[in-house]
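Hydrogens, waters and symmetry mates are skipped; everything else that's a heavy atom, side chains included, is used. Below, chains carry the letters A, B, ... as their sequence lines are ordered, and counting in each starts from 1.
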Amino acid sequence: MSGAPVRLLLVDDEPQIVRALKPALIAAGYAVEAVETGEAALETMAADPCDVVILDLGLPDMDGKQVISRLREWSDAPVIVLSARDLEDEKIAALDLGADDFVNKPVGVGELLARVRASLRGRERRFAAQAVFRSGDLELDFALRRVQILGEEVKLTPREYDLLRTLARHAGRVVTHRQIIAAVWGAGAQVDAQFVRVLVGQLRQKLEAEPSSPRLVLTEPGVGYRLRSDD
Amino acid sequence: MVSPVKMTPSPMPSWRRYAASLAIVAVTTLAAEALFRVTGSTRLSMVFLAGVLVTAFLYGSGPAWLAAGLAFLVYNFYLVEPRFSLSFEAEDAINLTVFLAVAMLTGLLTGRVRDAAKRAEARAHATRVLFDATRDFSASSDETYIRDRLAHHLAAAAGGPSAVEDAARAPGAIPGVSPEAVAVSMTEPTARTATHGGWRLRPLRADGEVWGLAAWAPSADPPPEPQLIEILVDVGAAAISRAHLAAAKSEAETQARTEALRNALLSSISHDLRTPLAAIMASASSLQEYGHAFEEPVRADLAATIQEEAARLDSFVANLLNMTRLEAGQLKVTTSAFSVAEAIERAAERRAAGRFVQLAAPADLPEGLGDAVLFEQAVGNVVENAARYTPAGGAITVTAAVRDGMVRVEVADEGPGVREAELERIFEKFYRSDRTARTPGTGLGLSIARGLLEGMGGRVEALNRTDGGGLRVTLAVPAAA
């Protein structure tokens with residue numbers, strides 16, 4: 001990281017959470033802004049945009065999902081949802097509204113920082129269309145549409161390739177069933193999540209050394225999938 | 001349930017009507033005698049004709065025939081020359097024919113009018129019976145009551161005993177009718193009246209369901225209107241079905257409310273447990289990964305966070321345990337004298353969540369009598385509640401004083417206060433004011449505080465502050481002598 005430090009906006013109304021997270025985020029080299037309400041978060045992002053937003057869903061003035069949808073009207077800054085809610089529907093709704101990732105409370109700072117880095121990389125990737133993606137034994141060449149495991153080429157069907165490419169573009173971050181369906185079958189396709197599970201199973205058969213305990217294509221129960229990224 | 005017979009008055013028996021026709025002929029004869037004495041005329045057949053007319057009009061065809069025959073004989077014997085002997089000439093034949101014709105026509109006419117009147121009366125009766133029954137049925141949604149009233153109305157309409165039973169009890173409940181016959185009657189695909197001995201059986205069928213069986217024994221004289229009774233039974237069945245649906249609906253609503261309550265509680269418990277856990281996890285992992293890089297005050301602050309949040313978790317768990325014990329009636333109260341001032345100081349220190357607490361207790365405050373640990377927990381709940389609704393930077397005032405043999409602790413906050421109507425309700429379990437719906441909370445703290453205090457002979461009450469904004473909650477325990 002060169003020049004000005006990356007700025008994080010921490011939106012949480014529980015002061016003890018902010019108090020506990022802030023020192024580590026600063027020690028990791030980020031500049032941290034902390035606000036308690038959705039309104040204040042939107043104001044901060046409008047006046048002096050931060051690079052990543054870490055957002056609690058239960059805010060006193062509005063629902064966190066509302067913050068995401070309003071922010072997404074004009075900002076594409078990565079949003080990581082930080083929530084004690086373990087309701088899958090909430091997470092999916094937040095992700096579909098444009099959140100980049102989520103972490104469940106309680107979370108260790110190590111994991112939170114990894115998610116922050118993944119979301120920042122995702123943004124770089126979007127802008128600097130990387131030609132090759134690597135993670136562990138996997139190598140994916142976007143230009144040649146070539147997939148290799150330990151240097152051996154793996155034959156994928158077009159749908160399997162589309163799935164892998166989508167996961168790779170979001171490597172390290174969760175991709176919801178709906179996002180996968182839109183990317184593989186096309187936006188608006190009426191496809192059951194069951195088909196996604198089947199397709200992921202096929203992909204794992206081809207990529208994973210041990211398909212029953214996947215190390216590359218990870219499941220986020222009830223929400224979607226996440227491709228492990230080298231950190 | 002079997003209802004007893006109720007007799008309706010029957011109309012005049014037929015022999016009396018014939019006797020009456022004799023009387024009318026006798027009166028006619030006297031009238032003719034009187035007219036004969038006055039005028040000397042023997043052409044008085046019209047008088048007898050009038051007698052026949054009156055009889056036919058009042059008592060119908062049969063008595064009219066009798067009167068016509070009798071009037072002819074009397075007239076012929078008594079007035080027609082030669083008097084006091086029966087003769088039969090052309091004129092007599094005309095008289096007899098006219099008498100009989102009048103008797104027949106008037107009798108027929110009267111019969112029709114009478115039948116029409118009877119039908120109108122029967123209709124009015126049926127309407128009244130159904131109206132009374134319907135009004136009775138709609139008065140209540142209680143199924144037992146409706147069955148009871150149906151049996152009553154059925155007995156009245158049938159003029160005999162009646163029974164209304166549910167499907168389980170119906171077989172064997174009708175005297176002299178085999179359980180099989182009852183079962184068959186109830187499994188008919190459509191409602192149909194079956195006859196078994198003196199009993200009529202009809203299933204209580206409505207909305208495609210059988211709600212039991214109605215049985216009645218119709219009286220022989222007068223026989224009741226079968227259609228009326230069937231309609232009565234069907235109306236009753238519909239009312240029973242409606243009562244059933246109403247009960248099922250209210251049960252479903254109760255269940256939905258319980259479900260919503262449980263979900264709210266679960267999400268609230270999850271929040272209250274996870275928030276301190278999240279703070280502990282974040283602080284501990286920060287110390288582990290960056291401890292070496294932190295300045296000393298940062299390390300101390302993180303350690304303090306861990307300690308405070310662990311204490312918060314502890315009091316939350318204690319609350320859950322106390323609630324369970326209060327619910328189960330197994331709260332153990334150890335009564336002894338304890339220092340109220342110390343208890344409120346500890347509670348305020350641990351539960352104020354960073355809000356400024358102003359403590360004021362007189363030096364000569366007597367000790368309280370109760371359970372010190374539970375008292376501290378109760379005060380802590382009230383303080384935590386106050387902190388929850390006091391904006392950051394606001395102050396909570398905790399004062400203690402003695403009055404009327406009770407040590408009273410007042411906790412005043414700077415929150416929004418509650419509506420007058422809610423001052424009692426906030427002590428109900430899970431009750432949360434809609435004004436503060438966005439502030440997380442279980443709606444348990446105050447209810448537990450009250451339960452604990454009442455367990456040791458104390459009281460908890462809430463009032464809105466009169467000195468500007470916020471709520472004032474008073475906890476009172478007996479003062480130690």
Side-chain angles (χ1 to χ4, degrees), chain A residues 8 10 12-30 32 34-40 54 56-64 66-67 80-91 102-117 231, chain B residues 263-264 266-313 352-355 387-393 415-416 435-441:
Chain A
L8 305 182
L10 187 53
D12 198 318
D13 65 319
E14 304 284 351
Q16 64 270 45
I17 302 282
V18 175
R19 195 169 137 209
L21 285 176
K22 213 169 165 178
L25 296 175
I26 292 170
Y30 298 103
V32 181
V35 294
E36 284 190 13
T37 63
E39 207 57 59
I54 300 172
D56 182 44
L57 281 186
L59 296 174
D61 59 338
M62 63 173 92
D63 195 293
Q66 208 180 333
V67 177
I80 299 172
V81 167
L82 174 64
S83 174
R85 300 184 199 187
D86 49 0
L87 302 170
E88 267 61 45
D89 295 347
E90 287 283 306
K91 293 177 199 160
F102 72 87
V103 278
N104 286 327
K105 283 182 186 175
V107 61
V109 286
E111 192 185 345
L112 180 62
L113 286 167
R115 297 294 172 78
V116 171
R117 284 195 296 274
D231 203 1
Chain B
N263 285 344
L266 275 179
S267 104
S268 198
I269 285 180
S270 145
H271 176 273
D272 282 14
L273 280 173
R274 280 209 176 117
T275 302
L277 272 178
I280 291 169
M281 178 94 114
S283 304
S285 57
S286 294
L287 282 172
Q288 194 179 31
E289 293 195 24
Y290 296 95
H292 55 276
F294 289 148
E295 303 279 324
E296 181 50 33
V298 173
R299 278 204 296 271
D301 190 53
L302 287 173
T305 300
I306 294 176
Q307 203 174 359
E308 284 164 23
E309 295 303 301
R312 219 170 95 165
L313 262 183
R355 304 290 187 272
R388 197 168 280 201
Y389 300 112
T390 297
R435 273 195 206 180
T436 54
R438 289 213 68 96
T439 312

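Scanning both residues, Gly415(B) and Thr390(B), for their nearest heavy atoms gives N-OG1, 4.1 Å.
Of the N and O atoms on the side chains of Thr305(B) and Arg19(A), at least one donor lies less than 3.5 Å from an acceptor on the other residue.
By the 4.5 Å heavy-atom criterion applied to side chains, Lys91(A) and Asn104(A) are counted as neighbours.
The residues Glu111(A) and Arg115(A) are annotated as salt-bridged, a charged nitrogen and a carboxylate oxygen being separated by less than 4.0 angstrom. Using a 4.0 Å cut-off between a side-chain N of Lys or Arg and a carboxylate O of Asp or Glu, Arg274(B) and Glu14(A) do not qualify as a salt bridge. In summary, Asp12(A) and Lys22(A) do not engage in a salt bridge, as defined by a charged side-chain N under 4.0 Å from a carboxylate O.
For Leu277(B), the parts lying near chain A are the backbone and the side chain together; criterion is any non-hydrogen pair under 4.5 Å. For Gln288(B), no part lies near chain A; criterion is any non-hydrogen pair under 4.5 Å. Of the two parts of Ala304(B), the backbone and the side chain both hold a non-hydrogen atom closer than 4.5 Å to a non-hydrogen atom of chain A.
Counting heavy-atom pairs under 4.5 Å between each of Ala24(A), Gly110(A), Pro15(A) and chain B puts Ala24(A) at the top. In terms of non-hydrogen atom pairs under 4.5 Å with chain B, the most contact-rich of Val107(A), Val18(A), Leu25(A), Leu21(A) is Val107(A).
In this view, Ile306(B) and Ile280(B), Ser283(B), Ala284(B), Leu287(B) satisfy the side chain to side chain contact (heavy atoms under 4.5 Å, CB included) rule, not counting sequence neighbours.
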Audit row: Ile80(A), Val103(A), side-chain contact (heavy atoms from CB on, under 4.5 Å) steps and yes/no: CA-CA 7 Å; Ile80(A) 299 172; Val103(A) 278; 4.1 Å; yes

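Contact residues of residues 290-298 of chain B toward chain A are Tyr290(B), Phe294(B), Val298(B) (heavy-atom distance under 4.5 Å).
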